[in-house]
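As a basis for the values below, the full set of heavy atoms in this structure was taken, side chains included, without hydrogen atoms, waters or symmetry mates. Keep in mind that this is a model prediction, so the values were computed, not measured. Order of the sequence lines sets the chain letters (A, B, ...), proteins ahead of strands, with each chain counted from 1.
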There are 4 protein chains.
Amino acid sequence: MARGNTRQRIQDVALELFGEQGYEKTSLREIAEHLDVTKAALYYHFKTKEDILNSLFESVSQPIDKLIEWGQGQPRSLETKQEILRRYADALAAAAPLFRFMQENQGTMRELRPGEHFKHRMISLVDLLRDPDAEMPDQVRCFTALMAMHAGMFALKDIEGDPDDKRSAILEVAIELVTQAHTGH
Amino acid sequence: MARGNTRQRIQDVALELFGEQGYEKTSLREIAEHLDVTKAALYYHFKTKEDILNSLFESVSQPIDKLIEWGQGQPRSLETKQEILRRYADALAAAAPLFRFMQENQGTMRELRPGEHFKHRMISLVDLLRDPDAEMPDQVRCFTALMAMHAGMFALKDIEGDPDDKRSAILEVAIELVTQAHTGH
Amino acid sequence: MARGNTRQRIQDVALELFGEQGYEKTSLREIAEHLDVTKAALYYHFKTKEDILNSLFESVSQPIDKLIEWGQGQPRSLETKQEILRRYADALAAAAPLFRFMQENQGTMRELRPGEHFKHRMISLVDLLRDPDAEMPDQVRCFTALMAMHAGMFALKDIEGDPDDKRSAILEVAIELVTQAHTGH
Amino acid sequence: MARGNTRQRIQDVALELFGEQGYEKTSLREIAEHLDVTKAALYYHFKTKEDILNSLFESVSQPIDKLIEWGQGQPRSLETKQEILRRYADALAAAAPLFRFMQENQGTMRELRPGEHFKHRMISLVDLLRDPDAEMPDQVRCFTALMAMHAGMFALKDIEGDPDDKRSAILEVAIELVTQAHTGH
DNA sequence: AATGAATGAGTGTTCATTCAT
DNA sequence: CATGAATGAACACTCATTCAT
């Protein structure tokens with residue numbers, strides 16, 4: 001009945017519940033019940049609750065790390081910056097539930113390992129977009145471009161319209177912001 | 001020893017701890033210990049833990065409600081929209097710790113009363129800024145303007161620079177976004 | 001506004017709530033709220049919660065004590081026994097809520113002072129009705145006569161019929177039982 | 001050390017303590033201490049405190065339900081009614097502690113599930129004994145017959161005599177009451 | 001690969017009671 | 001005659017975690 005996919009199923013259910021209710025408010029009992037196994041079974045697959053959370057980030061970390069690596073190897077041109085945003089939008093869409101979770105649990109993330117890592121990645125990303133010698137408003141534009149993508153992906157439900165339209169509109173605005181920052185107004 | 005300021009002190013400590021550790025991870029025991037009173041004393045002043053949180057929002061709700069009311073009484077001109085952003089920036093600065101808390105506990109807020117209220121207020125605010133018949137990217141610009149102010153106020157610590165500079169840069173970018181949306185490119 | 005009747009009002013509300021919810025499940029907070037005073041006010045009028053309960057029994061003790069005294073001064077005739085039942089029925093009706101409370105809180109009563117007292121009174125009453133040398137079934141009849149009056153007064157709600165009819169029917173059955181016991185079949 | 005009998009032991013101790021002190025006044029801590037386990041262990045076996053109580057009633061419900069069912073399939077003759085009382089006496093004796101608990105916690109029972117159930121069973125039982133068209137005193141006799149058995153089983157400690165004698169005397173009186181009701185005086 | 005049974009530390013909440021004012 | 005403020009002890013319940021089987 002139960003094959004070697006239990007680990008994966010735990011991750012799926014955990015992501016779903018963490019996203020719906022938050023990390024703290026989701027208990028291992030709940031996860032276990034959703035899977036129709038005992039709590040102890042979870043401990044066969046993961047050492048702690050935090051470990052389950054950590055594991056969820058492993059899959060999403062790699063694409064972003066690669067994106068950063070790629071960006072660092074490119075010329076700091078406008079085209080590069082725009083491409084970074086496009087690729088980041090794809091990464092966001094590919095791991096939407098996890099980003100949604102992070103968005104809603106920023107506080108919890110702050111004191112967890114993956115939170116630290118993610119923060120560093122975000123800083124690296126912003127650093128690829130901004131020019132450290134530019135005026136403050138241009139710095140803010142780059143920063144805002146990323147923030148807007150995060151927030152927009154999930155909080156735009158309250159505005160009517162086709163989801164794909166929204167997503168491409170967000171990307172358009174983000175690119176515009178970075179372009180303004182790059183060209184200097 | 002016991003003066004009439006205990007209620008206020010509870011609110012102060014609660015805001016501080018909720019902000020630092022999140023609502024769920026902050027226990028009433030902790031709050032009580034910080035105040036050197038017993039947990040039961042908290043219950044003399046507030047009916048539940050959630051009640052403490054609710055009370056924190058009462059002070060911040062009024063200014064925003066007034067701002068919305070003011071905006072609804074104004075012509076939907078560019079000047080009005082810019083003034084709304086300026087006033088909102090002030091409200092944000094005046095209740096910074098609470099906004100920071102909300103930013104980091106979005107998930108928790110979602111299922112609490114003040115969260116619901118706040119969401120409605122945000123929608124009302126966006127509605128004052130955007131033109132419902134405009135293109136999607138313009139809608140996104142208005143939405144982004146507000147989001148940027150929220151996120152920027154707290155997450156900009158990782159970029160060096162004078163806090164006041166940052167704040168005014170954020171406001172500048174937000175105003176710019178709304179201006180673009182208003183003028184139609 | 002509040003005159004010297006607060007003590008009485010506390011007793012009234014306490015009797016009502018103790019009866020509805022039981023002694024243990026009724027908190028002083030509840031009583032105070034019903035009266036629109038603070039808990040502390042209750043302590044001005046009564047030393048403890050148990051004290052409130054005790055005070056409720058004072059008014060009902062006297063009539064029963066007098067009944068017992070009266071019975072002990074009478075010849076142990078059938079007429080006397082029947083008259084005891086009649087008078088007891090009146091006492092029961094006069095303090096119905098309190099008897100109802102006792103009926104439903106026998107366990108709690110057992111370990112409280114008034115419970116002890118009441119038990120002694122009941123034994124004295126049975127002793128007035130029964131002949132200690134009679135056969136066991138006759139003893140049981142006398143005992144049952146009293147029990148029936150207690151239980152019947154409150155538990156007969158589930159049978160349709162006029163309350164007065166029920167009460168007089170109960171008394172009739174009780175008298176019959178005691179008569180059978182007295183005459184020896 | 002840990003065998004599969006813990007659930008049963010919890011029930012045993014709970015019945016004992018609920019009976020001695022009442023349901024409300026018995027804490028889970030106490031039960032746990034009597035068993036030398038932690039409170040949390042109780043929650044492995046039962047979902048709530050009320051659940052422990054409910055479980056105690058499961059064993060006693062069945063015999064009474066069967067008795068009612070049996071009675072409903074019999075002719076409404078005097079013999080049937082007498083047999084019902086006899087069988088009910090046996091059920092009472094078999095689950096004496098639980099009935100004693102109910103007797104002393106009528107108030108608590110009133111608002112609990114098993115209390116509701118039990119009340120319905122009692123009504124069904126009385127309905128098997130009484131003739132709904134009979135005079136009120138005859139109805140009362142049937143009702144009293146059952147009440148007497150309940151009360152008598154536990155409250156007769158205060159009269160000297162052999163317990164078995166008492167029990168059979170109670171049954172005798174109960175049968176007599178129902179017989180009078182059936183024959184019409 | 002998983003369960004059954006349990007734990008220790010904690011949670012939010014309620015209670016009867018006290019006492020200075 | 002009463003309140004405002006507080007306490008200490010308890011309560012039902014939940015949690016992440018452990019470990020023998």
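Near DNA chain E, defined here as any heavy-atom distance below 4.0 Å, the residues from residues 24-39 of chain A are A:Val37, A:Thr38, A:Lys39, listed numerically. Contacts of residues 41-58 of chain B with DNA chain F (heavy atom under 4.0 Å): B:Ala41, B:Tyr44, B:His45.
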Secondary structure of DNA chain E per the Watson-Crick/G-U criterion (both distances under 3.5 Å; [ ] crossing, | other strand, . unpaired) is .||||||||||||||||||||
Pairs of donor and acceptor atoms involving the side chains of residues 30-42 of chain A, under 3.5 Å and at least two apart or interchain, shall be tabulated with distances.
residue: A:Glu30; atom: OE1; partner: A:Ser27; partner atom: N; Å: 3.3
residue: A:Glu30; atom: OE2; partner: A:Gln21; partner atom: NE2; Å: 2.9

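Nearest to the side-chain atoms of B:Ala40 among the listed nucleotides F:dT18, E:dT14, E:dA6 stands E:dT14.
Under the rule for a salt bridge (Lys or Arg N to Asp or Glu O under 4.0 Å), the partners of D:Asp65 that lie at least two apart in sequence or sit in another chain are D:Arg121. A search for side-chain hydrogen bond (donor to acceptor under 3.5 Å, both in side chains) contacts involving A:Gln103 returns nothing, not counting sequence neighbours. Taking the salt bridge (Lys or Arg N to Asp or Glu O under 4.0 Å) definition, one finds that C:Arg110 meets it with D:Glu104, sequence neighbours left out. Remark: D:Tyr43 pairs with D:Leu28 by the side-chain contact (heavy atoms from CB on, under 4.5 Å) rule, at least two apart or across chains. Scored by the side-chain hydrogen bond (donor to acceptor under 3.5 Å, both in side chains) test, A:His150 finds A:Tyr88 as partners (sequence neighbours excluded). The salt bridge (Lys or Arg N to Asp or Glu O under 4.0 Å) test applied to A:Glu111 returns B:Lys25, not counting sequence neighbours. Listed by chain and residue number, nothing satisfies the salt bridge (Lys or Arg N to Asp or Glu O under 4.0 Å) test with C:Lys47 (two or more places apart in sequence, or in another chain).
One interatomic measurement links the two molecules: CD of A:Gln8 to P of E:dA1, which rounds to 15 Å at whole-angstrom precision.
Across all non-hydrogen atoms, the minimal contact from B:Asn105 to B:Gly22 is OD1-CA, 3.3 Å.
Here side chain to side chain donor-acceptor pair (under 3.5 Å) pairs that include residues 49-61 of chain C, with residues two or more places apart or in two chains, are C:Gln11-C:Ser55.
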